[in-house]
Amino acid sequence: MVKKGSTKVTTVRQHPRRVPVSEKNPVGITIVDRHPRHLEGTSLDVAEIKKIFATYDRKGLVFPKSKKLPGYKNADSFDDAIAVWVDYFNKKFSASPKLDPDVVKALIASESGFDPDPKENRKIAIGLTQITKSTLRILLDPDGEAKAFLFTKIRQKDLKDPVVSIALATRWLFRKRETAMNRLRRAPDHEELILEYKGLLRSYSEYKKAALKKYIEAYAKLKK
């Protein structure tokens, strides 16, 4: 279960609104009605992550599409974990709109090809969802940008566990939704969210299109 502790505050809803175009606001859009919500408990460790996953009520869960990505080994092996953690954080953050489990599954396809311990880029990122070492530090930092909901005592080797990796990545996607909205001054679409997860939303490099290619292909197949 979530640890009891001091209550934190996070913004869970942000609404774009059109305003008159001006020199200070040339796009004519501002973000308003930011509703703070207090979250009870703010941290999960490995044992709690595994307990929540094992005991989570699966009734009514929305699962990512299966049997749509035959080109990937183990493509459907993590659907249960995706469904649990997407539902958990959709409820935790009162998400509107809700995060789509297919987005997480396509992200995993693009990040690791469903390999829980990919060798490539290991010095930078780890595990199924390729959590970087810098992102892990943020998700553990009680004074950092993700302090509204943190993880504790997560070691780099713990990221090789798919359940742990998916839990952290899903929480990070909610944070990236917030930062993308602040950058764009509107709600991001799913491709923009993934670019922000990959740190490429504002990039002008040629790598940007290539980095999104696998995600787009996987997501399209999941939605057929």
Side-chain angles (χ1 to χ4, degrees), residues 10-17 25-27 29-35 37 39 64 82 85-90 92-113 118 120-121 124-141 144-151 154 159 164-220 222-223:
T10 186
T11 298
V12 296
R13 296 188 185 214
Q14 296 175 314
H15 306 277
R17 175 182 292 172
N25 192 341
V27 298
I29 296 176
T30 188
I31 303 299
V32 296
D33 295 332
R34 301 177 62 153
H35 303 299
R37 179 181 178 88
L39 301 181
I82 293 170
W85 291 112
V86 168
D87 187 75
Y88 179 88
F89 282 109
N90 273 331
K92 178 62 68 175
F93 288 103
S94 300
S96 179
K98 293 182 178 179
L99 180 64
D100 180 355
D102 285 335
V103 168
V104 179
K105 187 166 183 174
L107 171 66
I108 293 171
S110 72
E111 289 289 333
S112 67
E120 188 178 358
N121 298 325
I124 302 171
I126 304 167
L128 195 71
T129 59
Q130 290 290 276
I131 299 291
T132 65
K133 296 175 183 179
S134 60
T135 296
L136 178 59
R137 285 194 293 271
I138 293 170
L139 290 171
L140 297 172
D141 184 359
E145 64 175 276
K147 63 184 178 182
F149 192 99
L150 293 170
F151 297 88
I154 306 290
L159 297 175
V164 175
S165 182
I166 292 169
L168 269 68
T170 305
R171 190 277 173 267
W172 191 235
L173 278 169
F174 277 91
R175 175 56 188 157
K176 293 294 95 178
R177 178 184 279 182
E178 292 177 350
T179 58
M181 182 174 287
N182 288 333
R183 291 178 189 276
L184 299 169
R185 309 303 296 171
R186 59 172 173 77
D189 62 29
H190 67 100
E191 292 182 10
E192 290 166 334
L193 175 60
I194 296 306
L195 283 172
E196 183 72 352
Y197 183 97
K198 295 175 180 289
L200 294 168
L201 182 59
R202 289 298 194 187
S203 172
Y204 295 99
S205 71
E206 291 295 322
Y207 176 71
K208 180 177 181 177
K209 185 179 293 186
L212 197 60
K213 184 174 184 292
K214 285 186 178 180
Y215 168 80
I216 293 173
E217 291 174 350
Y219 185 81
L222 290 169
K223 291 305 183 187

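This is a predicted model, so every value here is computed, not measured.
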- Rounded to the nearest 0.5 Å, the CG atom of D87 sits from the CD1 atom of I82 at a distance of 13.5 Å
- Query: Would the number of heavy atoms belonging to other residues, nucleotides or ligands and lying under 6.0 Å from NZ of K209 be above 12?
  - Reply: no
- Query: Sub-3.5 Å donor-acceptor pair from the side chain of R183 to the main-chain atoms of E196, do we have one?
  - Reply: no
- Task: Could you check L212 against L200 for side-chain contact (heavy atoms from CB on, under 4.5 Å), going step by step and ending with a plain yes or no?
- Result: CA-CA 9 Å; L212 197 60; L200 294 168; over 6 Å; no
- Message: In terms of relative ring orientation, are F89 and F93 parallel, tilted or perpendicular, with 30° and 60° separating the classes?
- Response: parallel
- Query: What are the two closest non-hydrogen atoms of L139 and W172, and how far apart are they?
  - Reply: CD2-CE3, 3.7 Å
- Message: Could you check whether R177 makes a cation-pi contact with F174, meaning its NZ or CZ is under 6.0 Å from the centre of the six-membered ring and within 45° of the ring axis?
- Response: yes
- Query: Any side-chain heavy atom of I131 within less than 4.5 Å of one from I126?
  - Reply: no
- Query: Does a side-chain heavy-atom distance below 4.5 Å link K213 with I216?
  - Reply: no
- Query: So do D100 and K223 actually touch side chain to side chain, heavy atoms under 4.5 Å?
  - Reply: yes
- Task: Would you check if L99 and L193 make a side-chain contact, meaning some heavy-atom pair closer than 4.5 Å?
- Result: yes
- Task: For residues A187 and E192, report the shortest heavy-atom separation together with the two atoms involved.
- Result: O-OE1, 4.4 Å
- E217 side chain vs K214 backbone, donor-acceptor pair below 3.5 Å: no
- Query: Does a side-chain heavy-atom distance below 4.5 Å link V103 with Y215?
  - Reply: yes
- What are the two closest heavy atoms between L128 and S165, and how far apart are they? N-OG, 3.6 Å
- Message: Show the nearest heavy-atom pair for residues V104 and L173, with the distance to one decimal.
- Response: CG2-CD1, 3.9 Å
- Look at the rings of F151 and F149 and say which category their plane angle falls in: under 30° parallel, 30 to 60° tilted, over 60° perpendicular. perpendicular
- Message: Would the distance check show the side chain of K208 and the main-chain N or O of L201 forming a donor-acceptor pair, the cut-off being under 3.5 Å?
- Response: yes
- Give the minimum heavy-atom separation between E120 and Q130, together with the two atoms involved. O-OE1, 3.9 Å
- Could you grab the distance from atom CG of L107 to atom CG of D102, nearest 0.5 Å is fine? 12.0 Å
- Charged N-O contact under 4.0 Å between E178 and R175: yes
- Taking atom OG1 of T170 and atom CG of N90, what is their separation to the nearest 0.5 Å? 9.0 Å
- Message: Please give me the minimum heavy-atom distance between P118 and S112, naming the atom from each residue.
- Response: CG-CB, 4.1 Å
- Query: Has the side chain of T129 got a donor or acceptor atom that lies under 3.5 Å from a matching backbone atom of I166?
  - Reply: no
